Amino acid sequence: MNQPSPASPINHGGAIDAAARKYGIPAHRWLDLSTGINPVAYPVAEIATAHWQRLPLSSELDGLKHAACKYYGVPDTQYLVAAPGTQALIQTIPYWLPDHAELSGIHIMGPTYGEHARCWQRAGHDCELHETAADNRKARARDILATATPGTVVVIVNPNNPDGGILPPDDIAELAALAEQADSWLIVDEAFMDCQPGFSVCPMIYRLPRTLILRSFGKFFGLAGVRLGCLVTAPNLATDLSDRIGPWAIPGPTIEIATRAFSDTSWQTETRQRLAADGNRLDDLIAAKTSLTRSGTTDLFRYYDGTDCAQLADHLARHGILVRLFDHDITKVRFGFPGTTTDWQRIETALDQW
Ligand SMILES: Cc1ncc(COP(=O)(O)O)c(C=O)c1O
């Protein structure tokens, strides 16, 4: 169990600026494999000028919410809050949820996306980061909720970033039921769920009154820069948070792009197939050229294990390729997937010289 410090800086993937300074390679020349963002983005068609010139209409936001609910399997838009990125929700929830319930303690199932612990701590809550592995994460969360004092919050990232551990919906529903019985809360961050939609608990939200589900638009659709994230939760909570976020938090161009992307089922199917194939291709490459072993997987990133991870990351960085190392374990490295033939050739060439 660790106590994260709110002041300690969090290393994130995508820190090309810092890598450019450290290795003396200009930012635009890097191949960034340090994130779990799909490198082949949903094609952004031309945006009507009106979306830049006027405020978004409430009918357009409604359209986005309908499309998001259909895509996420959420039964009705009254369960959904749209926000400018999941990160904005992660930052807001620790200040907002206490208006609905007295909170007693926050338990984060780690190691995971560092912003969860940091944001709860910054808002002044008692926060414990529990060291778990994919195979004991559910048991730890269940133990906490089974003995929880009212107002306990358990945060679980599913599938987990970075180890890819994933709990099936029935397990999450079991934890959600325990949270409800204990007058407590379950937060499920499904930012990386898009490749395994059958594992999402969004369709069950009508029977999970003490559960908050986070979804990120940017990762699977490869458009992290448009800034869109959704919270799926009970209607009274969703209405209150939507009211507080206000009418124009999602820019018109974002609404336009995301509404199309959520509705484009053929792009989604093709993309899931391509990402699955790319993950296998990366595994084959890593197995052939390094001594790393696969430790965790989603179809948006791979997590590998090896004693020479730091040296390999340094070697790749000298070739202008950024991968993700972790403070919690120096024997782990996370790779996103290359998106173009040239990018695949780049990583192959760099690994040939390893
Ligand atoms: C698990 C997890 N949740 C949420 C986020 C934030 O995503 P967004 O781009 O939607 O703010 C990230 C970003 O890396 C993440 O890894």
Side-chain angles (χ1 to χ4, degrees), residues 4 9-16 32-39 41-42 64 68 71-72 80-94 106 108-120 122 129 132 134 137 154-167 172 186-196 199-202 212-233 241 245 249-251 254-255 257-258 261-262 296-303 322-328 332 334-337:
I10 296 185
N11 290 325
H12 284 297
I16 292 293
D32 186 7
L33 303 183
S34 71
T35 77
I37 298 168
N38 175 4
Y42 184 75
L64 170 75
Y71 175 73
Y72 291 132
L80 186 121
V81 182
T86 318
Q87 180 62 32
L89 291 161
I90 292 171
Q91 307 241 164
T92 303
I93 288 168
I106 317 301
I108 316 269
M109 298 299 109
T112 194
Y113 183 54
E115 295 286 347
H116 284 290
R118 186 168 148 105
C119 291
W120 284 102
R122 188 188 276 143
L129 182 61
T132 60
R137 195 159 289 139
V154 167
V155 180
I156 191 156
V157 179
N158 197 48
N160 191 37
N161 171 17
D163 64 31
I166 187 162
L167 294 177
I172 296 287
L186 180 67
I187 297 181
V188 189
D189 181 345
E190 295 189 349
F192 289 100
M193 189 57 95
D194 299 54
C195 293
Q196 291 135 297
F199 278 69
S200 172
V201 287
C202 285
L212 281 67
I213 309 163
L214 295 164
R215 300 293 306 234
S216 173
F217 175 76
K219 298 181 190 326
F220 174 70
F221 290 100
L223 294 171
V226 312
R227 308 308 302 138
L228 178 66
C230 294
L231 173 67
V232 176
T233 192
L241 187 56
I245 287 176
I250 314 297
T254 297
I255 294 178
I257 294 164
F262 280 138
T297 164
T298 74
D299 282 348
L300 286 163
F301 58 79
R302 289 293 199 263
Y303 192 52
L322 190 64
V323 294
R324 176 80 159 92
L325 294 170
F326 295 91
D327 296 334
H328 71 265
K332 297 289 191 298
R334 192 187 67 196
F335 281 65
F337 305 160

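Just follow the structure's listing: the first ligand is 1, and inside any ligand the first atom is 1. Note that these values count all heavy atoms, side chains included, but never hydrogens, waters or copies made by symmetry. Quantities reported herein were computed from a predicted structural model and do not represent experimental measurements.
The ring-ring contact (aromatic ring centres under 6.0 Å, His included) test applied to Tyr71 returns Phe221, Phe262, not counting sequence neighbours. Taking Thr297 as the reference, Arg302 meet the side-chain hydrogen bond (donor to acceptor under 3.5 Å, both in side chains) condition, with sequence neighbours excluded. Remark: Asp163 engages Arg137 in a salt bridge (Lys or Arg N to Asp or Glu O under 4.0 Å) (not counting sequence neighbours).
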Practice task
Please step through side-chain contact (heavy atoms from CB on, under 4.5 Å) for the pair Ile156 and Ile172, ending with a clear verdict.
Solution key: CA-CA 9 Å; Ile156 191 156; Ile172 296 287; 4.3 Å; yes
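For the pairing with Tyr113, the side-chain hydrogen bond (donor to acceptor under 3.5 Å, both in side chains) check across Arg118, Gln87, His12 returns one residue only, Gln87.
In this structure, CE on Met109 lies 12.0 Å from NE2 on His116, to the nearest 0.5 angstrom.
Protein residues lining ligand 1, listed by chain and number: Gly85, Thr86, Gln87, Ile90, Tyr113, Val157, Asn161, Asp189, Ala191, Phe192, Ser216, Lys219, Arg227 [non-hydrogen atoms, distance under 4.0 Å].
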